[in-house]
Amino acid sequence: MTLSHDVAGDGPVLVLLHSGVCDRRMWDAQWPALIDAGYRLVRCDLRGFGETPAQDRPHSDAEDVLALLNSLGIAQAALVGSSYGGQVALEIAARWPDRTSAMALICSALPGHEPSAELSALGEREEALIEAGDIPGATELMVETWLGPDADETAREAVRKMQRHAFELQLAAAEEFEPIEAEIDLAAIQTPCLALSGAHDLADFRQIAARLPHLLANADHVELPWAGHLPSLERPSAVTDLLIGFLKETGPVG
């Protein structure tokens, strides 16, 4: 199955990978600015998000993304991943190092991370609401948890719409399959990496971002004092500027 996706622009390739509460529409604000900066952009919906059907068999999100790049004839790309999309980016960079030129990880998850009591409790609350049939309640829980204080109503409504759609898409599936997580060696990642975290995010993701310079050969960590978990939606232009600056310094130049 080919992931639903968009491709636009000319220049070095930049792949945008969405978070687990959003879909590829989360990059709407960055899309025109990154094209204008001289990049060929690819954004996709992972299985069970946006316009891609829910997973109907065991699968690997990283392998799905790689298959999409192969179908587009893309040999190498810079990766930008938000939250779960950052985890997918890390897996791609570790398993196929020659396919990745640079990585920007925004409040990234990490393969094998043991969730804190706070994060586990959040998952239990979400599951309880879904099992009770309270999809609006589960959606609002995600909106309130993952957006920081700078998020305006436009950002909140965007996350609300994307998360609600993901819940409905995944609940409509005949059977639920979790993505396969491959064993990866982070030491294989040599590409430059920018790890962003938000001061208002859950501790898990702040700690992951702070650890990445110790786990990867060439990573820098920057904490955004104003941000929650989805800074690219909270202050879109600020994150766009950070991405362009990082890519001009260390990645493919548009």
Side-chain angles (χ1 to χ4, degrees), residues 1-47 49-52 61-93 96-108 154-155 158-159 161-162 165 189 191-196 218 220 222 224 230-254:
M1 181 188 70
T2 301
L3 302 177
S4 295
H5 63 280
D6 303 311
V7 183
D10 294 300
V13 179
L14 189 55
V15 178
L16 308 176
L17 301 171
H18 64 78
S19 79
V21 295
C22 297
D23 55 46
R24 75 184 195 264
R25 291 173 291 178
M26 75 172 290
W27 304 111
D28 282 354
Q30 282 76 38
W31 193 254
L34 292 172
I35 290 171
D36 289 345
Y39 294 95
R40 182 186 182 202
L41 301 187
V42 179
R43 62 177 178 177
C44 59
D45 289 329
L46 302 174
R47 297 195 201 204
F49 297 90
E51 296 180 326
T52 301
D61 287 321
E63 290 175 11
D64 282 349
V65 173
L66 191 72
L68 173 61
L69 297 183
N70 290 342
S71 74
L72 295 171
I74 295 170
Q76 190 178 66
L79 307 177
V80 177
S82 172
S83 190
Y84 177 67
Q87 178 172 319
V88 175
L90 282 164
E91 183 176 337
I92 292 170
W96 304 282
D98 59 326
R99 304 296 297 269
T100 310
S101 59
M103 245 189 331
L105 306 176
I106 305 173
C107 304
S108 182
T154 299
V159 174
K161 185 181 297 184
M162 289 184 282
H165 178 68
I189 301 175
T191 188
C193 173
L194 172 65
L196 298 178
N218 190 9
D220 291 318
V222 175
L224 307 175
L230 299 169
S232 63
L233 288 161
E234 295 161 23
R235 286 193 189 177
S237 60
V239 171
T240 302
D241 290 345
L242 284 168
L243 294 176
I244 291 173
F246 165 70
L247 291 167
K248 286 188 180 300
E249 285 184 12
T250 58
V253 178

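From a predicted model like this one, the values you see are computed outputs, not experimental measurements.
Interatomic distance, Ser108 OG to Leu194 CG, rounded to the nearest 0.5 Å: 11.5 Å. The line from CG of Asp61 to CG of Leu66 is 12.5 Å long, rounded to the nearest 0.5 Å. Here the SG atom belonging to Cys107 is positioned 7.0 Å from the CG atom belonging to Leu196, to the nearest 0.5 angstrom. Note that the CE atom of Met26 and the CH2 atom of Trp31 stand 13.5 Å from one another [nearest 0.5 Å]. Once rounded to the nearest 0.5 Å, the distance linking CG of Leu79 with CG of Leu90 reads 9.0 Å. To the nearest 0.5 Å, atom CG of residue Leu16 and atom OH of residue Tyr39 are 12.0 Å apart.
A pairwise comparison of heavy atoms in Arg24 and Cys44 identifies CB-O, 3.4 Å as the closest pair. Scanning all heavy atoms of the two residues, the minimum distance from Gln30 to Pro236 falls at NE2-O, 3.2 Å. The shortest heavy-atom contact between Leu247 and Ala78 is CD2-CB, 3.9 Å. Shown here for Ala37 and Lys248, the closest heavy-atom pair between the two residues is O-NZ, 4.2 Å. When every heavy atom of Leu46 is checked against every heavy atom of Thr52, the shortest pair comes out as O-CB, 3.5 Å. Closest of all the heavy-atom pairs between Leu230 and Ser19 is CD2-OG, 3.8 Å.
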Could you walk me through whether His5 and Leu72 pass the side-chain contact (heavy atoms from CB on, under 4.5 Å) check? CA-CA 11 Å; His5 63 280; Leu72 295 171; 4.0 Å; yes
side-chain contact (heavy atoms from CB on, under 4.5 Å) between Arg47 and Leu3, worked out: CA-CA 7 Å; Arg47 297 195 201 204; Leu3 302 177; 4.1 Å; yes
Can Leu233 and Cys22 be said to form a side-chain contact (heavy atoms from CB on, under 4.5 Å), step by step? CA-CA 10 Å; Leu233 288 161; Cys22 297; 4.0 Å; yes
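Put simply, the residue from Val15, Val7, Ile35, Leu34 that forms a side-chain contact (heavy atoms from CB on, under 4.5 Å) with Arg40 is Val7. For the side-chain contact (heavy atoms from CB on, under 4.5 Å) with Asp23, the qualifying choice from Glu51, Lys161, Arg43, Met162 is Met162, the only one to do so.
Among pairs with a residue in residues 7-29, those fulfilling ring-ring contact (aromatic ring centres under 6.0 Å, His included) read His18-Phe49, at least two apart in sequence or across chains.
Put simply, the side chain of Asp64 does not reach to within 4.5 Å of the side chain of Leu68, judged on heavy atoms. In this structure the side chain of Asn70 reaches within 4.5 angstrom of the side chain of Arg99, judged on heavy atoms. In this structure the side chain of Leu242 reaches within 4.5 angstrom of the side chain of Leu224, judged on heavy atoms. Taking the side chain as every heavy atom from C-beta outward, Arg25 and Asp45 never approach each other to under 4.5 Å.
Atom CG of Asp98 has more than 12 neighbouring heavy atoms from other residues, nucleotides or ligands inside a 6.0 Å radius.
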